[in-house]
Protein chains: 2
Amino acid sequence: MNTDDTLTPLNRSRSILIAEPTKLVTSYPAFPITVDCVIFGFEENELKVLLIRSDLQYFEGKWSLLGDVLKETEALDDAAYRVLCQRTGMTDVFLEQVKTFGSPSRHPGGRVITIAYCSLLNIHHHELKIYDNELHWHNVKNLSDMAFDHQLIVEECYQWLQKRIQEHPLAFNLLPEKFSLRELQNLYEAILGVELDRRNFRKKFFAMDFLIDMEEFEENVPHRPGKLYKFNFDKYEKNKRKWFAIDF
Amino acid sequence: MNTDDTLTPLNRSRSILIAEPTKLVTSYPAFPITVDCVIFGFEENELKVLLIRSDLQYFEGKWSLLGDVLKETEALDDAAYRVLCQRTGMTDVFLEQVKTFGSPSRHPGGRVITIAYCSLLNIHHHELKIYDNELHWHNVKNLSDMAFDHQLIVEECYQWLQKRIQEHPLAFNLLPEKFSLRELQNLYEAILGVELDRRNFRKKFFAMDFLIDMEEFEENVPHRPGKLYKFNFDKYEKNKRKWFAIDF
DNA sequence: GAATTATCATGTATTATTTACACAATATAA
DNA sequence: TTATATTGTGTAAATAATACATGATAATTC
């Protein structure tokens with residue numbers, strides 16, 4: 001270790017340098033880390049979240065997010081994708097880190113810090129892989145009796161989602177590849193919890209010019225079928241509008 | 001442990017419940033956690049960030065964020081406030097969690113996961129408390145040679161800030177309590193990296209009606225002094241506009 | 001103390017965006 | 001054939017965003 005005592009005024013403010021970072025790091029307190037996935041889906045005009053029953057006796061009967069422990073050398077995002085893949089068999093889905101929750105008392109077995117990820121997927125696109133623990137799509141509206149701080153986590157992810165779908169076309173991940181404008185509007189209304197004017201909603205999306213008209217129509221609807229569209233992700237990526245507006 | 005083998009079709013999908021959560025948690029791999037604070041300040045029309053020299057020999061000469069190790073029973077936010085307070089003596093400042101960084105190779109001493117916090121403060125309001133390690137305000141534009149993944153962290157926090165100041169009046173935390181409209185505009189221009197029309201900028205802020213006219217004027221400026229204003233946080237909190245606009 | 005300099009303060013016309021709102025067309029089910 | 005549910009479309013009014021120029025004021029210089 002640097003024990004230089006010839007410090008001059010100019011280098012007096014320089015601390016002694018640490019030569020053995022490994023020793024340093026192993027002296028730190030360490031905590032188990034988990035990732036929890038808030039996986040949103042959309043079905044029957046309702047926003048759903050994928051839940052299981054907690055497997056802790058302490059939380060018997062309570063609902064829990066899908067999560068797992070971070071492995072020694074696993075990247076954070078990889079852990080979240082692993083959890084998602086284990087349950088839905090999906091790999092190429094939207095997934096984003098939202099927030100880390102670390103209240104010292106959030107886990108009954110000791111302090112566990114969890115990193116919440118949010119994922120959006122089309123319920124009918126992907127079969128749920130494992131039916132353990134009553135894995136199911138739960139309506140976002142009736143959440144209660146959740147294990148850990150999972151209710152808080154879902155709420156924060158839901159707020160995050162509400163904000164995010166207004167500035168980024170994420171919502172399309174929740175719809176089938178081809179969708180009608182009514183489905184799209186229902187989705188926005190369900191997530192944002194508002195009613196939108198149908199004509200203005202259409203006008204807005206057509207004006208953006210990111211919808212591809214598939215020249216196909218809905219089938220098996222008990223009324224005049226609507227046209228089907230695809231979202232043009234490529235065009236969007238190229239023309240992404242650089243947001244700039246002070247507005248609060 | 002529940003080894004019930006009388007499972008019926010109805011409860012077959014229920015896993016065996018874990019009775020000893022503590023045993024479970026101690027079996028998990030554990031990681032040291034740090035918090036790193038990206039503390040922004042504003043001075044001479046430039047956005048600055050508070051840095052020190054890394055005290056690891058491995059990163060000798062490189063710049064580092066202010067951070068510290070999470071203590072056993074300390075809340076995440078508390079750790080961030082502690083770091084901030086140790087260096088600036090401040091307690092009542094803006095501070096928000098931004099993102100968690102956990103690349104397995106980000107620390108030379110072993111895997112350390114860090115939670116990045118962003119803080120905004122008025123440089124002249126708060127004396128820096130400790131002058132160790134060349135603590136100083138560094139221009140955000142010329143960042144290079146940073147320790148760990150700190151450059152990435154600053155970049156992500158900077159992007160986060162650019163977005164955030166457009167939808168929430170955070171920027172006022174960077175200004176003195178009383179400021180002129182020119183100062184406010186300079187700040188927005190510095191953070192967003194754009195030029196704004198002075199007349200439209202004023203119009204916008206006056207229309208919001210959150211500025212309190214102090215009936216005072218700048219002093220010691222070599223030109224006609226501008227009026228000073230305060231931001232009306234109370235009024236803002238009451239009238240906060242519920243953002244709602246699909247716009248991407 | 002007159003002239004210069006740098007910035008403050010203000011308004012209007014143009015364009016673009018948002019909102020509110022009504023009716024004919026079409027497929028299915030009864 | 002009729003009833004029903006939903007699709008598809010347009011316009012007028014209100015609001016917000018943009019582009020842009022001139023006189024006023026305090027300090028500084030000559």
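All chains are named by letter (A, B, ...) in the order of the sequence lines, taking the proteins before the strands, and each is independently numbered beginning at 1. In what follows, every heavy atom counts, from backbone to side chain, and hydrogens, waters and symmetry copies are set aside.
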Taking atom [atom2] of [N] as reference, at what distance in whole Å does atom [atom1] of [X] sit?
{"X": "B:D247", "N": "C:dT17", "atom1": "CG", "atom2": "P", "answer": "10 Å"}
{"X": "B:D197", "N": "D:dA21", "atom1": "CG", "atom2": "P", "answer": "11 Å"}
{"X": "A:R202", "N": "C:dT19", "atom1": "CZ", "atom2": "C1'", "answer": "17 Å"}
{"X": "A:L196", "N": "C:dT18", "atom1": "CG", "atom2": "P", "answer": "13 Å"}
{"X": "A:L181", "N": "D:dT9", "atom1": "CG", "atom2": "P", "answer": "10 Å"}
{"X": "B:R198", "N": "D:dA21", "atom1": "CZ", "atom2": "C1'", "answer": "12 Å"}
{"X": "A:E183", "N": "D:dT7", "atom1": "CD", "atom2": "C1'", "answer": "13 Å"}
{"X": "A:K227", "N": "C:dA25", "atom1": "NZ", "atom2": "P", "answer": "17 Å"}

Side-chain donor/acceptor of B:N122 to backbone N/O of B:H124, under 3.5 Å: yes

Pi-cation contact, A:F101 with A:K99 (under 6.0 Å, within 45°): yes

Any ion pair linking [Y] and [X] (charged N to carboxylate O, less than 4.0 Å)?
{"X": "A:D209", "Y": "A:K235", "result": "yes"}
{"X": "B:E167", "Y": "A:K163", "result": "yes"}
{"X": "A:E96", "Y": "A:R164", "result": "yes"}

Contact list (N/O, under 3.5 angstrom) for nucleotides 25-30 of chain D vs protein:
residue: D:dT25; atom: O4'; partner: B:R224; partner atom: NE; Å: 3.4

Short side-chain N/O contact from A:K204 to OP1 or OP2 of C:dT18, under 4.0 Å: yes

Distance below 4.0 Å between A:R182 side-chain N/O and D:dT7 OP1 or OP2: yes

Residue B:K203, side-chain heavy atoms: nucleotide from D:dG8, D:dG10, D:dA19 that is nearest: D:dA19

Earlier contact from the 5' end, DNA chain C, for B:F206 and A:R199: B:F206

Contact nearer the 5' end of DNA chain C, comparing B:I246 with B:S180: B:S180

Crowding at CD, B:E237 (>12 non-hydrogen neighbours, <6.0 Å): yes

Parallel, tilted or perpendicular: ring planes of B:F172 versus A:F248, cut at 30 and 60 degrees: perpendicular

